[in-house]
Visitor: 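Next up is a structure, given as structure tokens.
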There are 2 protein chains.
Amino acid sequence: MTKQIEQLLRMHIVRPSHHRIKIYQYLIEKRNHPSVDMVYQELVRTIPTLSKTTVYNTLQLFLEKGIVIMITIDENETRYDADTSLHGHFRCSSCGKIFDIRLGTDAWRLDGIDDFEINESHIYFKGWCPECRKKGALQ
Amino acid sequence: MTKQIEQLLRMHIVRPSHHRIKIYQYLIEKRNHPSVDMVYQELVRTIPTLSKTTVYNTLQLFLEKGIVIMITIDENETRYDADTSLHGHFRCSSCGKIFDIRLGTDAWRLDGIDDFEINESHIYFKGWCPECRKKGALQ
DNA sequence: CTTCATAACTGTAATCATTACAATTTTGTA
DNA sequence: TACAAAATTGTAATGATTACAGTTATGAAG
Ligand SMILES: [Mn+2]
Ligand SMILES: [Mn+2]
Ligand SMILES: [Zn+2]
Ligand SMILES: [Zn+2]
């Protein structure tokens, strides 16, 4: 696993340091669209010397190299996603969890704005997730 | 014009104070998806006693009453829009302007996530606007 | 026109995510 | 082993947003 991550980082011109591997590994294993603090709080348990600045710097580097995307669905802090494929997100207003939403290609298509050059597309939904709806219904 | 805004605010249980009218008027006249600071900098010229806190509070109130929507396309500061209809946004990475993008209803439709209760839908694009593309091409 | 309760507004301080930056440590290579 | 480059750290600065206490405006009652 670590070898594969090293390979991927190298392919994107990112030297695979210990911290970078751990941070990338966190993203692909948890798949939880974490904030900087979520990554830091988890990893600092096994890397006590870890600095939050390193998490910021590393995710910024991953962004520039195109191996993560930034998600601004949360108003307070940016979230990150190692899944760079075209997909939407749903944020539960109750539990705060962020879910992946697979959308047909026609949802991403848009006509009549040929003069714009689109580099990024984001589709966000907010509301209540299935679990929270159940809980809410019981109250 | 002012009378119409007063009417609209009253309809949404917002007492139409002088400041509230001016802030709402700014939103519908400029249609520029402003940040709090953009609203403040413009209005403080004619209302020298205006406090930025009032702009924050007022836009928060408008949000709660459903007469504006929040746009999180900008990573640094939240933007506001008095157009609450379903439409997408495009943010130019060069000039920072935010444009409205009208999308067909099929773009907003999504199947297979019936268990989610959707309250808000946001579609954002980022890239280069027509004007900045032209300028960029000349360089 | 005064009184008074309530709502609106102001200004300052606190909070919190993010960035800047200089110092220190690690790494790869000769 | 030596050393330059890259990575990491820790602290301070920045900047948007919020908290809050004090002040002002408003509007109804008398
Ligand atoms: Mn995702
Ligand atoms: Mn708009
Ligand atoms: Zn939930
Ligand atoms: Zn532009």
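By convention in this document, chain letters (A, B, ...) are assigned in the order of the sequence lines, proteins followed by strands, and residues within each chain are numbered from 1.
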Visitor: Of Arg15(B) and Thr53(B), whose nearest nucleotide on DNA chain C comes first from the 5' end?
Guide: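 Its nucleotide being nearer the 5' end, the pick is Arg15(B).
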Visitor: Atom CD of Glu77(A) and atom C1' of dT15(C): how far apart are they, to the nearest Å?
Guide: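 Rounded to the whole Å, the gap is 14 Å.
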Visitor: For dT9(D), does either OP1 or OP2 sit under 4.0 Å from a side-chain N or O belonging to Thr54(A)?
Guide: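 So the side-chain polar atoms of Thr54(A) do come within 4.0 Å of the phosphate oxygens OP1 or OP2 of dT9(D), strictly under.
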Visitor: Would you name the heavy atoms of Arg133(A) and Asp115(B) that are closest together and state the gap between them?
Guide: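 Smallest heavy-atom distance, with atoms named: NH1-O, 3.1 Å.
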Visitor: Please report, rounded to the nearest Å, how far the C1' atom of dT26(D) is from the NE2 atom of His18(B).
Guide: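 Rounded to the whole Å, the gap is 14 Å.
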Visitor: Can you measure Lys52(A) atom NZ to dA12(D) atom P for me and round it to whole angstrom units?
Guide: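 It is 16 Å, rounded to the nearest whole Å.
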Visitor: So, does Thr49(A) get its side chain near the phosphate of dT9(D), meaning an N or O under 4.0 Å from OP1 or OP2?
Guide: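 Yes.
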Visitor: With a 4.0 Å cut-off on N to O distance, would you call Glu75(B) and Lys126(B) a salt bridge?
Guide: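 The answer is yes: the pair qualifies as a salt bridge.
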Visitor: Find the distance Arg20(A):CZ to dT25(C):C1' and express it as a whole number of Å.
Guide: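 To the nearest whole Å, that distance equals 14 Å.
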Visitor: Which part of the nucleic acid, if any, lies within contact of Ser17(B), taking any heavy atom under 4.0 Å across all strands shown: a base, the sugar-phosphate backbone alone, or nothing?
Guide: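 If one applies the 4.0 Å heavy-atom cut-off, Ser17(B) turns out to touch the sugar-phosphate alone, with no base involved.
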Visitor: Expressed in angstrom and rounded to an integer, what is the separation of Leu59(A) atom CG from dA17(C) atom C1'?
Guide: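 Roughly 14 Å, once rounded to whole Å.
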Visitor: Would you classify His19(B) as touching base, sugar-phosphate or nothing, given that sugar-phosphate means primed atoms plus P, OP1 and OP2, and contacts are heavy atoms under 4.0 Å?
Guide: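 Sugar-phosphate, no base atom in range.
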Visitor: It should be established whether Tyr56(B) places a side-chain nitrogen or oxygen under 4.0 Å from OP1 or OP2 of nucleotide dT18(D).
Guide: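 Looking at the OP1 and OP2 atoms of dT18(D), neither is under 4.0 Å from any side-chain N or O of Tyr56(B).
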Visitor: Between Leu61(A) and Pro48(A), who's closer to the 5' end of DNA chain D by nearest nucleotide?
Guide: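 Result of the comparison: Leu61(A).
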Visitor: Tell me the interatomic distance from Tyr40(A), atom OH, to dA17(C), atom P, rounded to whole angstroms.
Guide: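 In whole Å, dA17(C) P lies 13 Å from Tyr40(A) OH.
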Visitor: From CG of Asn57(A) over to P of dC21(C), roughly how many Å is that when rounded to an integer?
Guide: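 Taking CG of Asn57(A) and P of dC21(C), I get 13 Å after rounding.
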Visitor: So, Thr58(A) and Tyr56(A): side-chain donor and acceptor under 3.5 Å apart, yes or no?
Guide: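 No, no side-chain donor-acceptor pair sits under 3.5 Å.
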Visitor: Look at all strands and tell whether Thr78(A) reaches a base, only sugar-phosphate, or nothing, counting heavy atoms closer than 4.0 Å.
Guide: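 Sugar-phosphate, no base atom in range.
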Visitor: Does Asn76(A) reach a base, just sugar-phosphate, or nothing at all? Heavy atoms under 4.0 Å.
Guide: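 Result for Asn76(A) = sugar-phosphate.
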Visitor: Might you work through the side chain to side chain donor-acceptor pair (under 3.5 Å) test for His89(B) and Asp81(B), ending with a clear yes or no?
Guide: CA-CA 11 Å; His89(B) 291 100; Asp81(B) 193 349; 3.1 Å; yes
Visitor: So does Asp74(A) get a backbone contact from the side chain of Tyr124(A), meaning a donor-acceptor N/O pair under 3.5 Å?
Guide: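 No; judged by distance alone, with no hydrogens or angles, the pair does not exist.
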Visitor: Rounding to a whole Å, what distance do you find between Glu75(A):CD and dT15(C):P?
Guide: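 The answer, rounded to whole Å, is 22 Å.
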